[in-house]
Amino acid sequence: MIKVLVTGGIPGRDLLADLRAQPGVTDAVVRHHYEFSRSALRFYLLERNRLVTLLATYQMRTLVVLAPALLLTEAAMLTKALTGGWARHKIRGWRWLWQHRGWLRTRRRQLQAEHRVPDGVIAELMTGRLAPTNVAAPGLGLFNMLAGSYWTLAKPLLKRH
């Protein structure tokens with residue numbers, strides 16, 4: 001068994017996919033070390049890619065169980081975007097998802113066909129608590145209380161499959 005640790009990142013590349021394609025690589029961890037910049041492109045890509053990852057990788061059952069929390073999180077993120085001056089970049093990410101929904105469906109089918117570990121197993125590694133270290137987060141205590149309570153109820157529903 002070969003384990004690989006990669007630090008850094010190559011813009012535009014899916015390092016984990018690249019590593020999985022290498023003979024003998026059975027486990028890979030990617031650690032990104034970067035200085036968070038507040039460029040318009042960064043906000044747009046961050047929001048767009050966060051949603052692409054959620055919508056393409058999680059099983060449908062997980063998305064349904066988490067839908068209320070995900071929608072509330074989107075509302076909170078939009079509020080943060082409005083007050084932070086990057087709402088148009090967030091909305092641009094939503095627009096991209098809508099315009100590329102065919103690609104997203106195809107990507108989702110591809111990733112779901114490759115799915116080897118049920119989301120219920122992955123859910124064991126997740127938490128209902130956010131602890132950002134790179135941004136100020138007013139209201140985080142309330143958010144964590146609500147999210148933690150929801151996660152306590154939702155997590156057992158994901159273990160069933």
Side-chain angles (χ1 to χ4, degrees), residues 3 5-9 14-17 20 27-98 101 104-105 107-109 111-161:
K3 290 191 174 194
L5 171 66
V6 177
T7 59
D14 182 345
L15 289 177
L16 289 176
R20 283 194 303 262
D27 193 14
V29 174
V30 176
R31 292 188 184 152
H32 295 278
H33 299 283
Y34 66 94
E35 183 66 32
F36 183 77
S37 70
R38 297 187 183 276
S39 72
L41 179 62
R42 174 86 42 161
F43 278 119
Y44 160 66
L45 292 174
L46 185 68
E47 285 299 299
R48 184 198 73 182
N49 293 345
R50 180 178 64 83
L51 292 171
V52 166
T53 299
L54 280 170
L55 296 172
T57 59
Y58 287 129
Q59 295 170 315
M60 187 56 69
R61 177 182 181 85
T62 303
L63 292 173
V64 169
V65 168
L66 297 181
L70 292 173
L71 291 171
L72 286 173
T73 301
E74 276 304 294
M77 292 296 292
L78 180 58
T79 301
K80 179 73 173 163
L82 287 167
T83 60
W86 48 276
R88 67 185 173 101
H89 306 299
K90 179 158 189 51
I91 293 167
R92 181 178 166 208
W94 290 342
R95 188 178 320 117
W96 187 95
L97 290 172
W98 178 253
R101 61 191 180 277
L104 186 56
R105 275 193 301 273
R107 182 69 175 147
R108 178 174 172 72
R109 276 193 299 273
L111 291 177
Q112 293 303 306
E114 296 174 2
H115 215 130
R116 297 293 175 261
V117 179
D119 287 354
V121 173
I122 296 168
E124 288 300 319
L125 304 172
M126 295 178 179
T127 180
R129 179 172 152 51
L130 291 179
T133 58
N134 59 346
V135 293
L140 185 61
L142 176 61
F143 181 88
N144 279 336
M145 182 185 73
L146 295 172
S149 298
Y150 187 83
W151 187 238
T152 299
L153 299 172
K155 194 172 180 179
L157 297 174
L158 300 176
K159 289 182 186 180
R160 296 181 184 163
H161 290 274

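Given the structure is predicted, the values throughout are model-derived calculations rather than measurements.
Contact annotation: the side chain of Y58 never approaches that of L70 to less than 4.5 Å [non-hydrogen atoms, C-beta and beyond].
Taking all atoms of both residues into account, the shortest heavy-atom contact from L55 to R108 is O-NH1, 2.8 Å. A147 and G128 get closest at one heavy-atom pair: CB-O, 3.3 Å. Residues D119 and T57 approach most closely at OD1-O, 4.4 Å, considering heavy atoms. Nearest approach of G93 to R48, heavy atoms of both residues: CA-CB, 4.1 Å.
Separation of atoms CG (N49) and CG (L54) is listed at 11.0 Å; rounding is to 0.5 Å. To the nearest 0.5 Å, the span separating CZ on R107 from CD on Q112 amounts to 11.0 Å. In this structure, Q59 CD and I122 CD1 are separated by 7.5 Å, a value rounded to the nearest 0.5 Å.
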Show your reasoning for whether side-chain contact (heavy atoms from CB on, under 4.5 Å) applies to L45 and W96.
CA-CA 10 Å; L45 292 174; W96 187 95; over 6 Å; no

Let me see the working for W151 and M126 under side-chain contact (heavy atoms from CB on, under 4.5 Å), right down to the final yes or no.
CA-CA 9 Å; W151 187 238; M126 295 178 179; 3.7 Å; yes

For M77 and W86, what are the C-alpha separation, side-chain angles and deciding distance, and is it a side-chain contact (heavy atoms from CB on, under 4.5 Å)?
CA-CA 10 Å; M77 292 296 292; W86 48 276; 3.9 Å; yes

Apply side-chain contact (heavy atoms from CB on, under 4.5 Å) to the pair L72 and F143, showing each step before the final yes or no.
CA-CA 10 Å; L72 286 173; F143 181 88; 5.9 Å; no

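Distance alone, capped at 3.5 Å, places no donor-acceptor pair between the H89 side chain and the I91 backbone. Side-chain atoms of R92 never come within 3.5 Å of backbone atoms of L41 as a donor-acceptor pair (strictly under, hydrogens ignored). No donor-acceptor pair under 3.5 Å is formed between the side chain of E114 and the backbone N or O of R109.
For R101 and W98, the positive end sits near the middle of the six-membered ring, less than 6.0 Å away and at most 45° from its axis.
Listed by chain and residue number, E47, E74 satisfy the salt bridge (charged side-chain N to carboxylate O under 4.0 Å, His left out) test with R50 (two or more places apart in sequence, or in another chain).
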